[in-house]
Student: 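Would you mind keeping the following structure in view while I ask a few things?
Convention: sequence-line order gives letters A, B, ...; per-chain numbering from 1. On a predicted model such as this, the values are computed, not experimentally measured, just so you know.
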There are 2 protein chains.
Amino acid sequence: MEALRKHFEKFITLSENEWQDLQVCLTKETIKKKNLLLKENERCDFIAFIHEGIFRFYSFNDDAERITAFFFSGDFVSNYRSFLTGKPSEHNIEALADGVIYKIKLEQLKQLYDKHQTFERLGRLIAENLYLTVADRLDSFMFQTPADRYNELVKRNSKLLLEIPQYMLASYLGITPETLSRIRARK
Amino acid sequence: MEALRKHFEKFITLSENEWQDLQVCLTKETIKKKNLLLKENERCDFIAFIHEGIFRFYSFNDDAERITAFFFSGDFVSNYRSFLTGKPSEHNIEALADGVIYKIKLEQLKQLYDKHQTFERLGRLIAENLYLTVADRLDSFMFQTPADRYNELVKRNSKLLLEIPQYMLASYLGITPETLSRIRARK
DNA sequence: AATTCTCCTTGACCAAAGTCAATAAATACA
DNA sequence: TGTATTTATTGACTTTGGTCAAGGAGAATT
């Protein structure tokens, strides 16, 4: 639970009182490798803080799985679009390893927004952060070649390289496993 | 000014008092066609509400201009990344037509955030909205072919089709003018 | 009205990534 | 330990979009 508090405090400082109110909203869950945290067509009514574990966020395009994102311990994981709009998710979230998470439900978060201005601000900061993350990723798809994207990933994100099989990385980079293998070969 | 109030009220209801506080922060500006609202390497310290006009958001990749977004009357325009992070902009914002805008500066917005919880919420809602916009665009680049993207644009965004020359649309779709011309030809 | 730009189209060719198929290497597991 | 399965590599071929170049249509300017 302390890890969780530290993580929130990267965004904002919580008073003892606010932290208490937050804690009662959080429910701890465990999840086994290969199980789904969220299924296609379900509404995503939660945000989960990952205490332990790895998750992949993917959907089906025709018949092929396409991975949009990975999440690690210390991250928040959710289908944020479904969470914000109330529309059913077009994606699945799958545990790639056994995990422990803390969930907060939409309804309870709304109550926190109303109760303390601090949470309203936290909500803003999280949304701003997510904006920056997606905007970066959009840029990489608009302006970079697959090789560029792979090199950047190598530079920045050794965690992905160590923990994720190559065919999933390829999907995440928007290319086929064959192409990724060739990119790696010609270096 | 009433148009502006209506626009904010799409997001949130402002009390008379809050609306007064907001108004004193807004400065009206006019801008001529082909002039820049923001230059590469400048910090973007404002968000502008477009009362009248059309803007394009673009940068240079090697020597070629690449357009990331268009903005119309009723939209907020800004380099939101630069605005949030304080880093210099990698993009230009150019007026494609004579325009009238209302600017609010970062410093003043921060003061509003502190003064009224309502503005904190407004800030959150705007960030959430921008998130959804970029996330949609990322999806279109990850999962769709250029022809798909063009067809979607035809379906949804007749404003772009009417007001924007084809070679700029091509850039916005991430393809060359030649390719867009061919996509249109084979229908 | 003539000239000059700007924008769009079309063709020939090229490069990058996808597809399909075979094989090799690594890992899981019985 | 040996077998089966999953993952990674390589080759031959195809597809898609980019590049370069030429030409034409429209709009703006003189």
Student: Report the distance from atom CD of Glu65(A) to atom C1' of dT7(D), rounded to the nearest whole Å.
Tutor: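 Whole-Å distance recorded here is 14 Å.
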Student: Where does the angle between the aromatic ring planes of Tyr172(A) and Phe70(A) fall among parallel (under 30°), tilted (30 to 60°) and perpendicular (over 60°)?
Tutor: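 Rings of Tyr172(A) and Phe70(A): tilted, as their planes differ by 30° to 60°.
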Student: Tell me: CD1 of Ile164(A) to P of dT6(D), nearest whole Å?
Tutor: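 Spelled out: CD1 on Ile164(A) to P on dT6(D) is 18 Å.
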Student: Using whole Å, what does the distance between atom C1' of nucleotide dT6(D) and atom NZ of Lys33(A) come to?
Tutor: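 Value for this atom pair: 12 Å.
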Student: Whole Å only: how far is the CZ atom of Arg184(B) from the C1' atom of dC7(C)?
Tutor: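 Answer to the nearest Å: 12 Å.
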Student: So, does Asn35(B) use its side chain to make a donor-acceptor pair with the main chain of Ile31(B) at under 3.5 Å?
Tutor: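 A pair under 3.5 Å: no.
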Student: In whole angstrom, give the distance that lies between atom CG of Leu161(B) and atom P of dC7(C).
Tutor: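 Result: 17 Å.
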Student: In terms of side-chain geometry, is the basic nitrogen of Arg124(A) or Glu120(A) positioned less than 4.0 Å from the acidic oxygen of its partner?
Tutor: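 Here Arg124(A) does not pair with Glu120(A) in a salt bridge, since their nearest N and O are not under 4.0 Å apart.
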Student: Could you tell me whether Lys34(B) and Asp98(B) make a salt bridge, using a distance below 4.0 angstrom between a side-chain N and a carboxylate O?
Tutor: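 The answer is no: the pair does not qualify as a salt bridge.
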Student: Can you tell me if Gln117(A) uses its side chain to pair, donor with acceptor, with the backbone of Tyr113(B) under 3.5 Å?
Tutor: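 Confirmed, Gln117(A) side chain pairs with Tyr113(B) backbone.
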Student: Salt bridge check: are Glu163(B) and Lys159(B) linked by an N-O gap of less than 4.0 Å?
Tutor: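 Answer for the salt bridge query: no.
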Student: Determine, step by step, whether Cys25(B) and Leu112(B) satisfy the side-chain contact (heavy atoms from CB on, under 4.5 Å) criterion, reporting the C-alpha distance in whole Å, the side-chain angles of both residues, the deciding distance to 0.1 Å, and the verdict.
Tutor: CA-CA 9 Å; Cys25(B) 294; Leu112(B) 289 178; 4.1 Å; yes
Student: How would nucleotides 16-22 of chain C be written as a contact map, 5' to 3', with B for base contact, S for sugar-phosphate-only contact and - for no contact, using protein heavy atoms under 4.0 Å?
Tutor: -SSBBB-
Student: Starting at CG of Leu169(A) and ending at C1' of dT9(D), how long is that distance when rounded to a whole Å?
Tutor: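 Between C1' of dT9(D) and CG of Leu169(A): 16 Å.
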Student: How would nucleotides 24-30 of chain D be written as a contact map, 5' to 3', with B for base contact, S for sugar-phosphate-only contact and - for no contact, using protein heavy atoms under 4.0 Å?
Tutor: -------
Student: Closer than 4.0 angstrom, basic N to acidic O: yes or no for Arg5(B) and Glu16(B)?
Tutor: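 Salt bridge flag = yes for Glu16(B) with Arg5(B).
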Student: Write down the distance between CD1 (Ile67(A)) and P (dT7(D)), rounded to a whole number of angstrom.
Tutor: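 Ile67(A) atom CD1 is separated from dT7(D) atom P by 11 Å.
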Student: Would you call the rings of His51(B) and Tyr102(B) parallel, tilted or perpendicular if under 30° counts as parallel and over 60° as perpendicular?
Tutor: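 It falls in the perpendicular class, over 60°.
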Student: Please report the distance, rounded to the nearest Å, between CZ in Phe141(A) and C1' in dG17(D).
Tutor: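 These atoms are roughly 17 Å apart.
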Student: Hey, is the side chain of Gln166(B) poking within less than 4.0 Å of OP1 or OP2 on dT6(C), counting only N and O atoms?
Tutor: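 No, no such contact exists.
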